[in-house]
Amino acid sequence: MNVDIGNALASVASPGASRESLERLDEQVADAHERIVVGMENSEHGYEALNLPERTDPDEIRAAVEPVVDAEALITVGIGGSALGAATITDALADESDTDAVYLDNVDPEWVSNHLEGLPLEETAINVVSRSGTTAETLANFLVVRDAFEAAGVDWTERTIVTTGESGPLRNLADRHDLPSLKVPDGVPGRFSALSAVGMVAAAVCGHDLEALLEGAAAERESLTGSLFDCPAYAYGATAYALDQRGAAVNAMVPYAESLETFAEWFAQLWAESLGKDDLGQTPARALGVTDQHSQLQLYRAGPRDKLVTFVSPGETDDRSIPDTDVDELAYLGDATLGELLEAEFEATEASLAAAGRPNVRLELETVDEYELGGLLYGMEAACVLAGELYGVNTFEQPAVEWAKKATRGLLGGGEFEEADAVAEKTELRIER
Ligand SMILES: O=P(O)(O)OC[C@H]1O[C@H](O)[C@H](O)[C@@H](O)[C@@H]1O
């Protein structure tokens, strides 16, 4: 992954960071890097995630999925960090796979039923993922999926792989039914676990190259140095932080490839849940090039100056020519391909923001394959860890999310949680028709 921060400089954009201010910030980057290296060396909670390219064992993952490797479809049941990494990988590489990867994260009943209805269950595998093994949505959806298999006369125990922590309800269930199971690595929070079994079981069932994913990540790891000017991941993390300090409270992630739309969702969790603390953090927004040029771009170019736009350029992709036409006004299209049109729109949009003095950064991939994807995921994780150090927050906890989880459990009678009392205490000012 390469990063171009030119359009975030103060000479181009407002807010923007001057070259001199980035050089001053680089001293903090050097300190933060030292802290990160110590955390990695000591396998400290969270920092351990940056060791995954070396720690993850692809053979172990492939052995666990062996019984279902020919599945026509794979249902991954998980939420947040236990689903988005896997979904990012299999969505990005979907063209290369014969397996239909389906994700059940939401518990919207109609949506769950619609997903299950169309699937050939006797040819479908189940990938259930929960670090804690207690997340209500995941456990509930898993029970629903099991039930659907039983109703169709399909033995779910022959078709299920479990990835969870060392203990907990899901671990007990895996042991009781003797299911192939993998462990969420110690010290790795869910949103940083894409490059472990959490994200890679689905990739393995879909036949993707696990080694290449890890090699791409390892190459990014090699580039972690004490200077933002030598390290694309740190350049991104430091620039996003610097821009937020100058008023860019929103970070809009805009990939120029349909296959990377889920990546923007993954990034949103990473950035929001890691950095949103102590009244600090940058709000992630999601948009898709070229589609959202025709909707959100108006706001990004002419609305409040509170945004950094992050483009992802996918590099080389399959192309398709645009047929010739005898309509004079459209003749110019006949000389181009869809890929050339996309590229031109990307460059035009980037230039249009810069011309209006709106800061933007470009993440560049060579192409969308396992290697580049591994680098992108690792690079954004390292960027986020660096940003967390610069903000001075605890990047690896998520107490605000845990609060709502406890309130939900309390409401459903899953234990005594004082958080649930807040629901009854809600202030009402209802306007009725
Ligand atoms: O993996 P699980 O324990 O099921 O957790 C799934 C998700 O739950 C919560 O929402 C956490 O805030 C997320 O970070 C986590 O990824």
Side-chain angles (χ1 to χ4, degrees), residues 45-49 52 56 61 75-89 103-108 112 126-146 160-174 179 181-202 262-278 281 283-284 377 380-381 384-385 388 393-412 414-415 417 419-420:
H45 181 71
Y47 300 97
E48 174 67 355
L52 283 178
T56 300
I61 296 171
I75 307 173
T76 295
V77 186
I79 195 165
S82 285
L84 287 169
T88 296
I89 296 169
Y103 289 85
L104 292 186
D105 48 5
N106 205 340
V107 288
D108 177 330
V112 170
I126 306 168
N127 171 32
V128 52
V129 190
S130 174
R131 184 181 211 283
S132 61
T134 59
T135 300
E137 295 89 338
T138 301
L139 276 285
N141 272 341
F142 181 46
L143 294 174
V144 167
V145 170
R146 266 173 49 168
T160 300
I161 306 142
V162 171
T163 303
T164 188
E166 197 138 28
S167 58
L170 205 50
R171 172 64 54 197
N172 297 342
L173 184 133
L179 305 176
S181 69
L182 291 156
K183 194 168 152 295
V184 179
D186 290 335
V188 179
R191 59 189 173 278
F192 288 90
S193 65
L195 297 163
S196 74
V198 174
M200 291 174 67
V201 163
T262 315
F263 161 74
E265 272 187 66
W266 173 87
F267 174 82
Q269 184 198 12
L270 182 76
W271 218 245
E273 209 171 38
S274 302
L275 304 175
K277 292 161 193 163
D278 308 334
T283 304
L377 293 169
M380 290 300 100
E381 289 179 20
C384 183
V385 174
V393 296
N394 184 336
T395 308
F396 307 115
E397 59 173 22
Q398 56 284 327
V401 179
E402 305 296 346
W403 197 99
K405 274 176 122 167
K406 287 183 200 153
T408 306
R409 282 189 71 177
L411 282 184
L412 291 174
F417 294 100
E419 287 83 354

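Keep in mind the model is a prediction, meaning the values are calculated, not measured. Counting starts at 1 for both ligands and their atoms, following the listed order.
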Of the listed options E273, Q269, E137, closest to atom 12 (O) of ligand 1 (non-hydrogen atoms): E273

Taking side chain as C-beta onward, heavy atoms only, is V401 less than 4.5 Å from E273? yes

Is any side-chain heavy atom of V107 closer than 4.5 Å to one of N141? yes

Between V129 and T76, is any pair of side-chain heavy atoms under 4.5 Å apart? yes

Give me the nearest non-hydrogen protein atom to atom 8 (O) of ligand 1 as residue plus atom name, then the distance to 0.1 Å. K405 NZ, 2.8 Å

Could you work out, with ring-ring contact (aromatic ring centres under 6.0 Å, His included) as the rule, every residue matching Y47, not counting sequence neighbours? F396

Taking all non-hydrogen atoms of both residues into account, name the closest pair between C384 and F192 and its distance. SG-CZ, 4.2 Å

The atoms of ligand 1 lying under 4.0 Å from a heavy atom of S82, numbered in the order shown, are 1 (O), 2 (P), 16 (O)

Quick one: does L173's side chain get under 4.5 Å of F142's, heavy atoms only? yes

Can you tell me the protein heavy atom closest to atom 10 (O) of ligand 1 and the distance? V401 CG1, 3.3 Å

Polar-atom distance check: S130 versus ligand 1, any N or O pair below 3.5 Å? yes

Atom 6 (C) of ligand 1 has as its nearest protein heavy atom I79 O, 3.3 Å

Provide, to 0.1 Å, the distance between atom 3 (O) of ligand 1 and the closest protein heavy atom, together with that atom's residue and name. S132 OG, 2.6 Å

Which pair of non-hydrogen atoms, one from S82 and one from V198, has the smallest distance, and what is that distance? CA-CG1, 3.9 Å

Taking atom 5 (O) of ligand 1 as the reference point, the nearest protein heavy atom with its distance: T135 OG1, 3.4 Å

Would you say T163 and V184 make side-chain contact, with heavy atoms under 4.5 Å? yes

Give the numbers and elements of all ligand 1 atoms closer than 4.0 Å to a heavy atom of Q398. 12 (O)

For ligand 1, which part of R131 has a heavy atom less than 4.0 Å away: the side chain, the backbone, both, or neither? both

Nearest protein heavy atom to atom 16 (O) of ligand 1, by residue and atom, and its distance? G81 N, 2.8 Å

